[in-house]
Amino acid sequence: MADPYYITTAIHYPNGKPHIGHAYETIAADVIARFQRLMGREVRFQTGTDEHGLKMAHKARDLGRTPRELADEMSGAFKELFDRLDITYDRFIRTTDEDHHKASRAIWQAMEAKGDLYLDRYEGWYSVRDEAYYDEKELIEGEAGEKLSPQGTPVEWTEEETWFFRLSKYADQLVELLNKPGFLEPVSRRNEMIAFIEGGLKDLSVSRTSFDWGVKVPGHDNHVMYVWVDALTNYITGLGYPDGGEMWDKFWPANLHLIGKDIVRFHTVYWPAFLMSADLPVPQKVFGHGFLLNRGVKESKSAGNVTDPNELVDLFGVDSLRYFLMAEVVFGKDGSYSAEALVNKVNAELANSFGNLAQRTLSMIHKNMDGKLEDFSPNGEDKSLLAIVREACNVTLPKEFETLNFSVGIEAWLKAVFACNAYVDEQAPWALKKTDPERMKAVLQTLFLAIRDLAIAIQPVVPTKSSAVLDQLGVKSDGRSYADLSDEGWFTALVAAGHVIDKPVPAFPRLELPETEDS
RNA sequence: GGGCCCGUAGCUCAGUUGGUUAGAGCUGGCCGCUCAUAACGGCUAGGUCGCGGGUUCGAGUCCUGCCGGGCCUACCA
């Protein structure tokens with residue numbers, strides 16, 4: 001199968017339960033994965049959890065458990081959530097997986113063989129939370145006079161032997177890479193990264209001796225790798241690195257690393273540098289999406305406004321959540337969400353506009369045509385509507401999804417839905433029923449064709465609901481790709497098969513805002 | 001401290017390289033329809049385009065200062 005497509009999400013740090021941001025990123029990746037499959041590409045989609053590091057070790061210690069126990073439980077919570085969200089990952093990777101340790105050691109050895117790793121000694125202030133070292137001068141004073149990092153996180157004095165990576169050696173190549181159109185999006189991030197590099201790169205400390213929860217450095221068992229070295233490596237672990245093989249040949253370099261805007265630097269500076277050092281190709285694109293705000297405010301434990309994605313799924317269903325996040329938020333920018341906004345948007349666009357369009361149409365076909373379809377000749381108005389729908393479904397939406405402009409693509413789709421509803425009103429098939437039954441049939445079946453296109457187009461976003469619609473229409477499960485939109489023969493085949501439309505069931509019932517919703 | 005972004009109708013936002021009456025969706029109001037999930041369609045709501053200057057025949061769209069919000073980065077006190 002031609003045209004492979006490899007997409008990854010960041011692997012999530014499971015020192016707590018998954019929050020809305022994890023759901024958002026992974027849903028977006030899944031929409032892309034499903035979209036590319038419908039476009040006929042062979043997709044490999046990987047997500048997972050990043051389980052090493054001092055933060056995990058500390059968290060486990062605080063809970064009186066082993067890091068592994070904590071990792072197992074939390075990673076499980078992530079996997080469970082992603083399964084509920086209908087995420088079609090091909091691999092859920094865990095950095096504690098045996099093959100991942102092997103891959104991490106291999107890339108380490110490749111960098112070492114290149115002469116890019118050297119052992120040195122480090123003394124200074126270290127912030128566990130930031131996983132970073134700070135200069136004495138950078139520190140600020142806390143309320144109680146304690147020393148804090150510039151970010152306000154606690155720091156502790158550390159003296160250790162550590163491995164360094166010759167990051168500065170790759171500065172020129174990295175700038176060149178960052179200037180490559182399409183490598184880093186949104187482009188607004190590009191200047192920041194270039195400025196960071198041109199401000200002078202320091203060699204990167206890439207190992208720790210102060211704890212042992214991580215991947216051991218080859219030949220130096222007292223060192224574990226800096227979490228980012230092993231975390232980033234997950235992207236190639238999942239393809240069989242270092243052994244190579246069919247999957248490796250087919251899918252590396254990745255088409256897209258989808259990540260949050262906060263970790264753009266790790267993915268567009270450190271990661272490419274590691275790969276260059278190991279003589280491996282760099283990823284084709286890194287996209288840093290925005291954050292979701294809860295009514296415009298950042299969620300945090302201290303603010304007590306953390307949303308459990310599972311709760312949203314319980315209340316509103318998976319597809320509603322998926323639709324809202326992809327349609328409401330301009331991809332790449334921060335977005336705001338609330339239960340009210342979700343209910344309003346989903347009810348207006350999915351239930352009232354699209355769902356009801358399908359319901360009223362199928363209901364009329366069921367009642368007035370005994371559910372039977374027949375060949376017909378569309379007139380000018382019918383053709384005009386179908387052209388609008390086809391344009392939105394087969395041209396605009398795919399074009400926008402290809403460039404990750406989901407909200408724009410969905411908007412075009414919605415415009416086509418509006419056109420269908422306006423068409424129903426103009427044609428008034430309920431009146432034609434008495435005056436011109438043949439014409440009524442043509443109108444209803446024109447709508448039938450339109451709904452099929454619309455349902456096919458929106459599948460990546462609302463996979464379960466759209467397939468429910470397509471099932472009711474009688475569209476074969478192997479006739480639902482974007483290529484099938486251009487198939488002119490499917491309706492005739494459906495008629496010939498004698499398909500009968502049953503009494504329809506609303507695919508997108510209206511949502512209700514729970515009473516418990518406060519403020 | 002340096003660099004960058006944002007602030008457009010009640011809400012969420014579009015606004016190409018500056019050019020006739022500044023747009024969309026939601027909400028509100030009015031009218032129509034009754035097939036449908038009390039859903040649909042049409043009309044409408046008249047906003048100093050954050051504030052003050054400037055360039056220009058003409059600026060939301062360029063320059064500058066200020067206010068407010070955000071981001072990246074930095075060893076000066």
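Letters A, B, ... are given to chains in the order of the sequence lines, protein chains preceding strands, and every chain is numbered from 1. Values below: every heavy atom of this structure, side chains too, minus hydrogens, waters and symmetry copies.
Separating the P atom of B:G7 from that of B:C49 is a span of 13 Å, rounded to the nearest Å. For B:U55 and B:U64, the C1' atoms lie 11 Å apart once the distance is rounded to whole Å. Comparing the C1' positions of B:C75 and B:C71 gives a spacing of 22 Å, expressed to the nearest Å. With both ends at atom C1', the span from B:C5 to B:C43 equals 39 Å, rounded to whole Å. Separation of the P atoms belonging to B:C40 and B:U21 is 35 Å when rounded to the nearest angstrom. Distance check on atom C1': B:U61 versus B:G19 gives 11 Å, rounded to whole Å. Remark: the separation of the P atoms in B:G41 and B:C26 is 8 Å, to the nearest Å. Here, B:G29 and B:U37 have their C1' atoms 25 Å apart, quoted to the whole Å.
The environment of CD in A:Glu512 is sparse: at most 12 heavy-atom neighbours from other residues, nucleotides or ligands sit within 6.0 Å. Around the CG atom of A:Asp172, the shell of radius 6.0 Å holds no more than 12 heavy atoms that belong to other residues, nucleotides or ligands. Applying the 6.0 Å contact sphere to NZ of A:Lys433 captures no more than 12 heavy atoms from other residues, nucleotides or ligands.
Between A:Trp163 and the choices A:Leu119, A:Thr209, A:Asp120, the side chain to side chain contact (heavy atoms under 4.5 Å, CB included) rule is met once, by A:Leu119.
The nearest heavy atom of RNA chain B to A:Pro506 and to A:Val330 marks one nucleotide each, and the one closer to the 5' end goes with A:Val330. The nearest heavy atom of RNA chain B to A:Leu357 and to A:Phe196 marks one nucleotide each, and the one closer to the 5' end goes with A:Leu357.
Here the straight-line distance linking atom CZ of A:Phe287 with atom NZ of A:Lys261 works out to 11.5 Å at 0.5 Å rounding. The CD atom of A:Gln284 sits 7.0 Å away from atom NZ of A:Lys180, with the distance rounded to the nearest 0.5 Å.
Residue A:Pro429 is classed as having no contact, given no heavy-atom separation below 4.0 Å to the nucleic acid.
Rounded to a whole Å, the CD atom of A:Glu192 is 7 Å from the C1' atom of B:C4. Taking atom CG of A:Asp262 as the reference point, atom C1' of B:U73 lies 16 Å away to the nearest angstrom. Separating the CG atom of A:Leu447 from the C1' atom of B:C40 is a distance of 12 Å, rounded to the nearest angstrom. Rounded to whole angstrom, the span from the CD atom of A:Glu328 across to the P atom of B:A14 amounts to 12 Å. Computed from coordinates, the A:Gln472 CD to B:A36 C1' distance equals 13 Å when rounded to whole Å. What separates CE of A:Met364 from C1' of B:C35 is a distance of 4 Å, to the nearest Å. In this structure, A:Gln359 atom CD and B:C40 atom P are separated by 14 Å, rounded to whole Å. Rounding to whole angstrom units, CG of residue A:Leu342 and C1' of B:C11 are separated by 16 Å.
Note: A:Phe196 and A:Tyr270 have perpendicular aromatic rings, judged against thresholds of 30 and 60 degrees for the angle between ring planes. Using a 30° and 60° split on the angle between ring planes, A:His22 and A:His12 fall in the perpendicular class, above 60°.
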Distance-only donor-acceptor hits, side chain of residues 400-412 of chain A, under 3.5 Å, sequence neighbours excluded:
| residue | atom | partner | partner atom | Å |
| --- | --- | --- | --- | --- |
| A:Glu400 | OE1 | A:Asn405 | ND2 | 3.1 |
| A:Glu402 | OE2 | A:Gln36 | NE2 | 3.1 |
| A:Thr403 | OG1 | A:Lys399 | O | 3.2 |
| A:Thr403 | OG1 | A:Glu400 | O | 3.2 |
| A:Thr403 | OG1 | A:Asn405 | ND2 | 3.2 |

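For A:Arg510 and B:A39, the shortest distance from a side-chain N or O to OP1 or OP2 is below 4.0 Å. Distances shown here put every side-chain N or O of A:Lys333 at or beyond 4.0 Å from the OP1 or OP2 atom of B:G70.
Relative to the six-membered ring of A:Phe376, A:Lys441 misses at least one condition, a distance below 6.0 Å or an angle of at most 45° to the axis.
Residues A:Leu177 and A:Leu184 are not in side-chain contact: their nearest non-hydrogen atoms beyond the backbone lie 4.5 Å or more apart.
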* Which dot-bracket string describes RNA chain B (Watson-Crick N1-N3 plus N6-O4 or O6-N4, or G-U N1-O2 and O6-N3, all under 3.5 Å; [ ] crossing; | other strand)? -> (((((.(..((((.....[...)))).(((((.......))))).....(((((..]....)))))).)))))....

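Donor-acceptor pairing under 3.5 Å, judged by distance alone, is present between the side chain of A:Asn356 and the base of B:A36.
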Shorter than 3.5 Å, N or O on both sides, protein versus nucleotides 25-33 of chain B: list them out with atom names.
none

